[in-house]
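What follows is a set of notes on a single structure, which appears directly below.
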Amino acid sequence: MVCLGNICRSPLAEAALRAEAGRLSVDIAVESAGTGGWHVGHPPDRRAQATARRHGIDISGYRGRQVEAADFRHFTHIFALDADNLSDLRRIAPPDALAEIGLLLDQVEGWQGRSVADPYYGDQSDFETTWTEVDAAARAFVRWWSVDASPN
Ligand code: 4NP
C-alpha cells in the first residue's frame, strides 16, 4: 500500500487489508510505504491512529518507510492510493519489477480510476472517509485473491 507520506492513508490501507485477511484466514503479507521520505521512522498521524482504533485496530507500532526497488520484486501487487502515487510508482519501478502496480480503488466495482483523497489537511471525518474507502478495497481484494486468484 503506497501513498505519499506513509502516515495517513497507506497505514490505514495496510491495517484494513491485514484485518480482512485475518478475518478470512487468508495468508497475505502486507506492508505500506510512502513515495516520499519525510516521515521515515515516524508513527502514523494521530488522527489515522484514532480512526484505526475506532475500528478495533492498533496501528501505533507502524513506522513510516519509503518505497524501495526491492519492493517491486518482492510483492505481487503494489497499490497506489492516488493517481500521483501511481505515476510516481511507475516512474521509479526498476526494469525487473514483478509486482502488478495499480490504483487501490480499482479493486472496488464502480470506483475504478478513483483516488483516495489525502486527509492530511482535513479533519477526523476525512480520515473516516479514508477508512471507508480503503476498507472497501481491502475487502474486495481479499475476496478476489481468495476466490478468483486461488489455484484450488
Ligand atoms: P499520506 O498523507 O500520504 O496519506 O501519508 C501525507 C502525510 C504527510 C505529507 C503528505 C501527505 N507531508 O507532506 O508531510
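Ligands are counted one by one from 1 in listed order, and the atoms in each one are counted from 1 as well. This is a predicted model, so every value here is computed, not measured.
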inquiry  = Counting non-hydrogen protein atoms only, what is the nearest one to atom 10 (C) of ligand 1? Give residue, atom name and distance.
reply    = L4 CD2, 3.6 Å
task = Number the atoms of ligand 1 from 1 as they appear, then name those within less than 4.0 Å of a heavy atom of I7, with their elements.
result = 5 (O), 7 (C), 8 (C)
message = Between T51 and Q124, do the side chains contain a donor N or O and an acceptor N or O under 3.5 Å apart?
response = yes
remark   = So for D45 against ligand 1, with non-hydrogen atoms under 4.0 Å, the contacting part is neither
ask   = Between the candidates G5, G36, S10, which shows the shortest non-hydrogen contact distance to atom 3 (O) of ligand 1?
value = G5
ask   = Does R63 reach the main-chain N or O of S60 with its side chain, forming a donor-acceptor pair under 3.5 Å?
value = yes
What donor-acceptor contacts under 3.5 angstrom involve side-chain atoms of residues 107-115, with partners at least two apart or in another chain?
{"from": "Q112", "atom 1": "OE1", "to": "G110", "atom 2": "N", "distance (Å)": "2.9"}
{"from": "R114", "atom 1": "NH2", "to": "E133", "atom 2": "OE2", "distance (Å)": "3.0"}
{"from": "S115", "atom 1": "OG", "to": "A83", "atom 2": "N", "distance (Å)": "3.0"}

Side chain T132, main chain E128, donor-acceptor under 3.5 Å = yes
inquiry  = Side chains of D88 and N85 only: does a donor on one sit below 3.5 Å from an acceptor on the other?
reply    = no
Per-atom contacts, ligand 1 versus C8 - under 4.0 Å to a heavy atom = 1 (P), 2 (O), 4 (O), 5 (O)
query = So which heavy atom in the protein is nearest atom 1 (P) of ligand 1, and how far is it from that ligand atom?
reply = C3 SG, 3.5 Å
inquiry  = Using heavy-atom distances only, which candidate in H39, H42, R9 approaches atom 14 (O) of ligand 1 most closely?
reply    = H39
inquiry  = Suppose we measure from atom 2 (O) of ligand 1 to each protein heavy atom; which comes out shortest, and what is that distance?
reply    = D118 OD1, 3.2 Å
query = Within a radius of less than 6.0 Å around CZ of R46, do more than 12 heavy atoms belonging to other residues, nucleotides or ligands occur?
reply = no
